[in-house]
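All chains are named by letter (A, B, ...) in the order of the sequence lines, taking the proteins before the strands, and each is independently numbered beginning at 1. Scope of the values below: all heavy atoms of this structure, side chains included, with no hydrogens, waters or symmetry mates.
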Amino acid sequence: MNVKKGGYNFNAVEKKWQRFWEERKTFKANDCDDSRPKYYVLDMFPYPSAAGLHVGHPEGYTASDIVTRYKRMKGFNVLHPMGWDAFGLPAEQYAVETGTHPAETTQRNIEGMRRQIESLGFSYDWNREVNTTDPNYYKWTQWIFLKFFNSYFDETEQKAKPIEQLPIPEGLSENEKCRYIDDHRLAYEAEVPVNWCPALGTVLANEEVIGGLSERGGHPVIRRPMRQWMLRITEYAERLLEDLAEVDWPESIKKLQIDWIGKSVGAEVKFEIENCARDLWVFTTRPDTLFGATYMVFAPELDVVDMITTDEHREAVEKYREQAARKSDLDRTDLAKEKTGVFTGAYAINPANNERIPIWISDYVLISYGTGAIMAVPAHDERDFEFAKEFELPIIPVVEPDDRQQAESVRQGELCFVGDGRAINSGQFNGLPTAEFKERITNWLAERSLGQKAVNYKLRDWLFSRQRYWGEPFPILHTKDGRVIGLSEEDLPLELPVVENYKPAGTGESPLANIDDWVNVTLADGSKAKRETNTMPQWAGSCWYYLRYLDPDNNRRSWDPEKEQYWMPVDLYIGGAEHAVLHLLYARFWHKLLYDLGYVSTKEPFKKLVNQGMILGEDGQKMSKSRGNVINPDKVITGYGADSMRLYEMFMGPLEAIKPWSMQGVEGVHRFLQKAWRMIVDEDTGELAEAVKEAQAGEATVRLLNQTIKKVGDDIENFRFNTAISAMMIFVNHLGQREIRPKSVVEKFVLVLAPFAPHIAEELREKLGHTDTVAYEPWPEYDKELIKEKEIELAVQVNGKIKDRIVVAAEADEEQIKQKALGSKKVIAAMAGKEARKIIVVKPRIVSIIT
RNA sequence: GCGGAUGUGGCGGAAUUGGCAGACGCGCAGGCUUCAGGUGCCUGUGGGCUUCGGCUCGUGGAGGUUCGACUCCUCUCAUCCGCACCA
């Protein structure tokens, strides 16, 4: 801590300016201001945890705040809001343990974290703060859910439409009509095999299950059929895929989404089953290998298995099916190494060559993908190959690789070849290359009504209900006669009732089910109904929060269309990469529905996405309580100040890189701020330093100033904050040593520093005689001409080795440089009397002489 | 197994995208200031050799392209992160 009275007292300075900004509402964003271009900078809003902020939060928040402050100085009208993603398990678990209402815990945690965030001096417009657990917020989450419920997806137009416009087939009874409509809603109930987590007492979405364990807590997850609410995200698979081309996101994140959607193009092929009236369709990406299909495999869960199994094999089949059903996802992953399965006794007919092929069941075929059945081509599919080897099934090669040796091994049935080649053993198609064969056989099948072109996605519908208390209640009623009806808009929000026990029943019902007077409802016509007792998953509130920031206090509608058109899309979204397929996919999905229904004007919500990397502990390990390597931001701020904290977070390395914390590194940037302070302020008096005065700046200083302005600006635009800070350090090292520090130069430097270390920048500007905030000062311009060096230094290489350096005038031409280089004594010595065969001049860098 | 990312001094990291490797910061060493510690200031700091002028090796490893490679190509190793039988 500084003892001198005019020293850099960061604690006082930071408090002073934070109060100033708050009182003046410095960072209030104005809606629909057409006099300036708009810019929307969004942070992934945090879960308000009892542990408070960790050092990972301020990393992204500082980066976005630097861009925000920079853009403001560049004349943009910037929207930079903050809020709370406050539904979630920790507050609920705490409630189960202590009986404290989650709302109370949440409120306390929010206040703690808001104080922490404010202490870092981020320029949020706090007037727009949102909280997903506030009924005034989740009213509109429920409202959007009703939009899903009251919409269907028009296949030809590839967009959602109001359910009233759904064409209903003629001749349906009233009941059938209802059923038909319910089956087309984008939010629907279904009895589906779900990921049930006994430890959490709830079901989870596919995206929340990692390797058979729950994403939160790492508890085992088993498969079990249950009645659940689903959102029809699969209808949007193609658009979610296509529109990725429009956004400026890291390629790695795009790829994760592409893989998660998992589009594959191929054909559906019809197989007849012997002694069975039903045909069976399979999906394949390799219709060209149809002649090599020597058996079929059905998923154990497939319903036709019962019908086709012969008495002789029934016992073995039943046993296998039971085993498969009992396996959890984790077991299934573990046992994936070896192929298991049993023969059903039934046969199918290969439509290409009318061969009889046996039908097996095996758990390597998934009920949830394609038709739950496959044609097995062991010669050209690794899994089928393994299976065929295990059970000694015939292997017929139908694709010949170009490579001679490979081709021989494939013919012998020793090698499984999955690449492209030429057709063999395929009747009239022999000799065709793979790509052409695919086309031809697909057409051939289509002409005979045996198949057609088909597309499949790995993406499944989104399992949208949870058996928890602390989530948005569904605005849904179940009537006595079995109808499902949505509440009307006037009845929102449907508030969470008070309960005595927060524990999930564990049977698949949420704690809400126990509250009789909430569950039971009498409708307007006097009939009885029950409320839906599931709640929405944690992701619901975060799917649209960026829209509520635009108009957070609106009681009449979710947001004003005019404001939406002004601010959207989000220009910059910064957050962790862990949300690649969860939040970021879900939010895009919701946005597309809102787009189809005309509530938003952009196809995609987030134009540019930047991921921040994880910050590790000082030991290079992931920070965790048990390792004891957690860094508390509060301590850093108390010891070095918010500006040092911000600066260090950015100086550590590239924003998106994983990097370890270092307290000594914090001291390093703190020293830089001290130096900058002393460059401008006299430590003894607290007045402007004597060296800072009206004076003409020297040539070197002017050049460095202009270079620094350019470098810092360019680096901010490219999210290279570490090198921007390095450039400012170079500048301070230079100017701090000058006896005279021209005021005009110092002024510009403070402006450049401001987005990074706003508190000290404000204070220094005050010392320089300003009374207003730096926040809206124009970013300084640099002069291209003044950046240029008068003289340039080039290294001279002889046969690739540097022998000398020459200094020439910046405007010297190649010939002059050559002559100067050849005139160097050291160069002459190195050439040892030989002729220069070739001389290469790379203007500001190097001269290369080859003898 | 498949896919992606990364690999540069004692440490975090720079390198205008094929042109002087190691900017900036940390750490360390020496000096000044100081009763002392700390702060602050100055100098030095990739390895090896050196007659102190230099020489030489050096960006995970092995090849290659080029006057010239951290950067491009081929192979390979290590670490981290996704996905995990998707037909």
Side-chain angles (χ1 to χ4, degrees), chain A residues 1-4 7 210-212 250-253 255-256 258-260 262-264 266 282-286 289 293 297 329 332-333 335-337 339 362-366 368-377 380-384 386-387 456-460 577-578 580-581 613-614 618 620 622 647-648 651-654 656-669 671-672 674-675 678 683 711 714 720 722-730 733 736-737 793-802 804-805 837-851:
Chain A
M1 194 84 45
N2 215 302
V3 288
K4 292 188 179 165
I210 318 241
E251 284 307 313
S252 58
I253 299 285
K255 199 176 175 311
L256 283 173
I258 290 167
D259 289 351
W260 191 263
K263 179 181 183 175
S264 37
V282 303
F283 173 73
T284 177
T285 53
R286 293 296 300 272
T289 61
V297 186
D329 272 17
R332 236 167 127 143
T333 316
L335 297 170
K337 285 140 206 151
K339 294 279 177 288
S362 170
D363 62 6
Y364 85 89
V365 174
L366 306 175
S368 53
Y369 184 78
T371 59
I374 61 154
M375 63 178 215
V377 186
H380 306 290
D381 180 284
E382 297 280 2
R383 297 148 302 178
D384 297 344
E386 266 178 52
F387 193 82
N456 251 297
Y457 300 91
K458 285 190 212 171
L459 187 70
R460 303 269 72 90
E578 67 273 17
V581 286
M614 207 189 348
E618 296 205 81
K622 202 168 166 173
L647 223 43
Y648 177 65
F651 189 58
M652 290 174 83
E656 60 293 347
I658 300 173
K659 44 213 179 276
W661 187 266
S662 156
M663 256 337 178
Q664 286 174 331
V666 180
E667 281 180 40
V669 294
R671 278 204 275 271
F672 159 69
Q674 294 272 15
K675 255 193 229 182
R678 288 196 306 268
E683 281 196 289
K711 171 80 176 153
D714 289 354
R720 293 188 302 238
N722 53 334
T723 49
I725 293 166
S726 147
M728 289 189 281
M729 285 172 168
I730 292 169
N733 288 343
Q737 287 174 350
E793 192 189 70
L794 296 96
V796 185
Q797 293 182 340
V798 178
N799 293 329
K801 298 228 162 94
I802 288 158
D804 200 6
R805 281 156 233 283
R837 279 195 294 123
K838 198 171 173 189
I839 303 175
I840 299 153
V841 177
V842 183
K843 180 80 180 278
R845 308 254 164 249
I846 212 162
V847 183
S848 187
I849 301 168
I850 300 104
T851 62

inquiry  = Can you tell me which nucleotide in B:G19, B:A87, B:C85 comes closest to the side chain of A:Asp363?
reply    = B:C85
task = Just compare B:C67, B:A87, B:G4 and give me whichever is closest to any side-chain atom of A:Thr284.
result = B:A87
Atom C1', compared across B:C2 and B:C85: separation rounded to whole Å = 11 Å
query = When the P atoms of B:G48 and B:G40 are considered, how many whole Å apart are they?
reply = 30 Å
query = Can you name the closest pair of heavy atoms from A:Ala580 and A:Ile253 and give their distance?
reply = CB-CD1, 3.7 Å
inquiry  = At less than 4.0 Å, is any side-chain N or O atom of A:Gln737 found next to OP1 or OP2 of B:C42? Yes or no.
reply    = yes
request  = Scan every strand shown for a Watson-Crick or G-U wobble partner of B:U39, both distances under 3.5 Å, and answer none if you come up empty.
outcome  = none
message = If the glycosidic angle sits within 90 degrees of zero it is syn, else anti. Tell me which applies to B:G30.
response = anti
Among B:C83, B:G82, B:G40, the nucleotide that comes nearest once only the side chain of A:Trp260 is considered = B:C83
inquiry  = Without decimals, in angstroms, what is the distance between A:Lys458 NZ and B:C2 C1'?
reply    = 10 Å
request  = Sort out the partner of B:C72 for me: Watson-Crick or G-U wobble, both distances under 3.5 Å, none otherwise.
outcome  = B:G64
key: Separation of the P atoms in B:G31 and B:A36, to the nearest angstrom   = 14 Å
message = Need to verify one output field. Residue with the more 5' nearest nucleotide on RNA chain B, A:Ile658 or A:Leu794?
response = A:Ile658
Under 3.5 Å on both distances, the Watson-Crick or G-U partner of B:G7 = B:C77
ask   = Does a nitrogen or oxygen in the side chain of A:Arg678 sit under 4.0 Å from OP1 or OP2 of B:C41?
value = yes
task = Report yes or no: does A:Asp804 contribute a side-chain atom to a donor-acceptor pair with the main-chain N or O of A:Val796 at less than 3.5 Å?
result = no
inquiry  = Mind checking if A:Pro654 touches a base, just sugar-phosphate, or nothing, with heavy atoms under 4.0 Å?
reply    = sugar-phosphate
ask   = Do the side chain of A:Gln797 and the main chain of A:Ile846 share a donor and acceptor less than 3.5 angstrom apart?
value = no
inquiry  = Does B:A87 have its OP1 or OP2 closer than 4.0 Å to a side-chain nitrogen or oxygen of A:Ser264?
reply    = yes
request  = Please give the nucleotide sitting opposite B:G1 as a Watson-Crick or G-U wobble pair, both distances under 3.5 Å, or none.
outcome  = B:C83
query = Considering only side-chain heavy atoms of A:Ile840, which listed nucleotide, B:G13, B:A87, B:G19, is closest?
reply = B:G19
task = Report the distance from atom CE of A:Met663 to atom P of B:G27, rounded to the nearest whole Å.
result = 14 Å
key: Whole-Å gap separating P (B:U56) and CG (A:Asn799)   = 12 Å
inquiry  = OP1 or OP2 of B:A87 versus the side-chain N and O atoms of A:Tyr364: is any pair under 4.0 Å?
reply    = no
request  = Using only side-chain N and O atoms of A:Arg671, determine if any of them is under 4.0 Å from OP1 or OP2 of B:G27.
outcome  = yes
message = Please classify the nucleic acid contact of A:Gln797 as base, sugar-phosphate, or nothing, using heavy-atom distances under 4.0 Å.
response = base
request  = Among the candidates B:C80, B:A87, B:G25, find the nucleotide nearest to the side-chain atoms of A:Lys675.
outcome  = B:G25
G-U wobble or Watson-Crick pairing nucleotide for B:A15 (cut-off 3.5 Å, both distances) = none
ask   = Considering residues, nucleotides and ligands other than A:Lys622, do more than 12 of their heavy atoms fall under 6.0 Å from its NZ?
value = no
query = Counting side-chain heavy atoms from C-beta on, which of B:A21, B:G19, B:G4 comes nearest to A:Ser252?
reply = B:G4
inquiry  = Judged by each residue's nearest nucleotide on RNA chain B, which is more toward the 5′ side, A:Arg286 or A:Leu256?
reply    = A:Leu256
key: Under 3.5 Å donor-acceptor, A:Lys659 side chain and A:Pro654 backbone   = yes
message = Strictly by Watson-Crick or wobble contacts shorter than 3.5 Å, is anything paired with B:C49, and which nucleotide is it?
response = B:G54
Per A:Lys801 side chain, nearest of listed nucleotides B:G25, B:U56, B:A87 = B:U56
task = In whole angstrom, give me the gap between the P atoms of B:G9 and B:G61.
result = 9 Å
task = Could you work out which one of B:C85, B:A87, B:A14 sits closest to the side chain of A:Asn722?
result = B:A14
query = Considering only side-chain heavy atoms of A:Gln664, which listed nucleotide, B:G4, B:A87, B:C26, is closest?
reply = B:C26
task = Scan A:Glu793 against the nucleic acid and name what it touches under 4.0 Å (heavy atoms): base, sugar-phosphate only, or nothing.
result = base
message = Can you identify which nucleotide, out of B:C41, B:G82, B:A14, has its nearest atom closest to the A:Thr723 side chain?
response = B:A14
query = Rounding to a whole Å, what distance do you find between A:Lys711:NZ and B:A23:P?
reply = 14 Å
